[in-house]
Structures are given as C-alpha cells and as structure tokens.
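Presented below is the structure to which this report refers.
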Amino acid sequence: MPLLRAFLLEDTHMTAHPPRIAQIIDGNDLSRQLRIEVTQRAAALRAKGHTPGLAVVLVGDNQASQVYVRNKVKACHESGLHSVLEQYPATMTEGELLARVEVLNNDPTIHGILVQLPLPAHIDAQKVIEAISPAKDVDGFHVASAGALMVGQPGFWPCTPYGCMKMLESIGYDLRGKHAVVIGRSNIVGKPMALMLLAKNATVTVCHSATKDLKTQTLQADVIVAAVGKRNVLTADMVKPGAVVIDVGMNRNDEGKLCGDVDFAGVSQVAGYITPVPGGVGPMTITMLLVNTIEAAEREAQARGLA
Ligand code: GUN
C-alpha cells in the first residue's frame, strides 16, 4: 500500500495536469451505435415502399443555422432517410412560411418537419411551430408534444434532452431517487429535460438566472445538466465527487474554439462521468432527430396498414 501511494503521488507530480478522474461519455461513439439501428429501421421501411422523409426549412442566412441544417441533411442521407432542404431569404413573410408548412403537412413523402430556429424577428416562431402537424413534429417543440411529455403520453421528445437521456442510459445510470440539477429553463432543453428526469423518478431541481446560490444546489446533485449557453457556468468547486455531468452548452472560448458550459479541465477531475464539447451532446441531438423521424414514419406506416 505505501508503495502504491508513493507511485500515485509521483505520477501526479510528474504530469503537467492532475489526472482526470471522470469517465468520458462519448457522444460520437454512442451516435454511431444508435445510427446503425436507425439505418436498419429506415431500410425496413424502404423495403415496404415507405421511405422515411424529413423536411428541413431554413429562413434567412444565419451562419450557425446553415451549418446545423447541412449536418442534419447529411445525417439523413447517411442513414438512408429521404430529406429535403428548403432555404428561403430573410424577407420571407410569416404567411408564406405558414403556407409552406401546410404544404409539407400534406406531403405524404414527408414524415418529419423541422423549421430551424431562430427565425427572423418579423416571424412569430411559436405560431410557425404550432402550424406543424403534431404527427410530424420531430423537433418536439409543438405544444401538443410538450403536453404529451408532461403527462407521459406518446409524442415526440425534443432531441437535445432526449439525447442526454440516452447518454445516461448508455452508462446504465439508474435515476430513481437520485438528485438531478438542471441549469437552464428553456422550452427546448431545460424544461423538457427536467420532465424526462422526473419521469425516471429522479428528484429534480431546475436552476436559472434568478437562482440565488447555484453552487449550494449543484453540490447536492448526483446528476447535473448544464444548458445555459455560457462558459464556465459549472466549475470543479460546484460538483460533488463522482457526480455525472452533462454539458449541453455550445460556446466559443477566447481562442475561438468550441466549448461547453462546463469547465471541462477542472470538473473532469471531480466528476464520475462527463460529456465533452465537442463530441458529446451535439452529435446526439442529430441522432435523436433521426430517431424521431423514423418513429414518425413507422407510426404513419402502421396507420396505413403497412407495418
Ligand atoms: N436551433 C438550434 N437548435 C435547434 C433545434 O434543435 N431545432 C430547431 N428547429 N432549431 C434549432
């Protein structure tokens, strides 16, 4: 034993950074595994003459959105889903967009509709989301989808928190009776995340910009989901040893490199598990979009007596 300890101390002194304790939950790796299943389900549908299809609608020239939608369309093709990308200028009116959504609602080759956010300021995003048929709402943003999640009925779950749940599942984590702290209360991540964790019997605390003492909350957490959109929201001193840390953030550091909401270098020396940025939640979001689109196509096939 003294020998082992001497070795460990020496090892710590010899490395430039203290050793990382946390195990990485690799979103790329998990995505690859899940996409194999998506590809098989897509092939089974195609064999019945029912190719699953996703329509992605982008309005305006937001650079980040352009990258996101291209990645979504590429992922569809790689898994054997049909996809269409509709791009419109920022001058498109709300009425024109609503009309496009209606056409897609009635298009039998399209099973999922995604209107990329943010939309230009003159368009009411919620109104557009509510115009999407709930049966094709693969983003899970429609009020009917939010309601279904709230009461535990079948519907579409928003892709990012759904991906986070898959990451917890991948490490065999049992949430029953665990304390989960969600930082952020957006309709897209924080709120649905809290409901999903609750459905798995976790005790859930939702923290936000008006929370008085964030550290007191996070120090009690077995699971922390950081979804704020701000660097270093979670640092090592705020994390209980062994906790599971999921980082939803997508920010740029001073060198312009992609980083999350979590101080990865520090927190990974305290946490039991941690998701990296990039290569964590990001790829999982697109994977769950594919899963939802397949699910939508399978439900439609079933309704048409093809399944
Ligand atoms: N903008 C940023 N993330 C998303 C997303 O998951 N879906 C849509 N529709 N827009 C987004």
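One-based numbering, in listed order, for ligands and for the atoms of each. Counting begins at 1 with the first residue of the sequence.
- Taking every heavy atom of L114 and a limit of under 4.0 angstrom, the matching atoms of ligand 1 come to 9 (N).
- Nearest non-hydrogen protein atom to atom 9 (N) of ligand 1 is D139 OD2, 2.6 Å.
- Within the 4.5 Å cutoff, no side-chain heavy atoms of M284 are placed close to those of T160.
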Exercise for the section: List the steps and the verdict of salt bridge (charged side-chain N to carboxylate O under 4.0 Å, His left out) for E295 and R299. Expected result: CA-CA 6 Å; E295 185 69 37; R299 287 179 198 172; 3.5 Å; yes
Problem - side-chain contact (heavy atoms from CB on, under 4.5 Å) between V245 and T275, intermediate numbers included - result: CA-CA 7 Å; V245 175; T275 67; over 6 Å; no
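- Panel note: side chain D261, backbone V228; a donor-acceptor pair is recorded below 3.5 Å.
- Annotation: atom 2 (C) of ligand 1 to nearest protein heavy atom, Q116 NE2, 3.8 Å.
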Practice task
I would like to know whether D254 and R231 meet salt bridge (charged side-chain N to carboxylate O under 4.0 Å, His left out); could you show each step before the answer?
Solution key: CA-CA 10 Å; D254 293 336; R231 280 165 61 193; 3.2 Å; yes
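- Residue contacts with ligand 1, taken as heavy atom pairs separated by less than 4.0 Å, involve F141 solely via side-chain atoms from C-beta onward.
- L117 O, 2.9 Å is the protein heavy atom nearest to atom 1 (N) of ligand 1.
- At least one N/O-N/O distance between V115 and ligand 1 falls below 3.5 Å.
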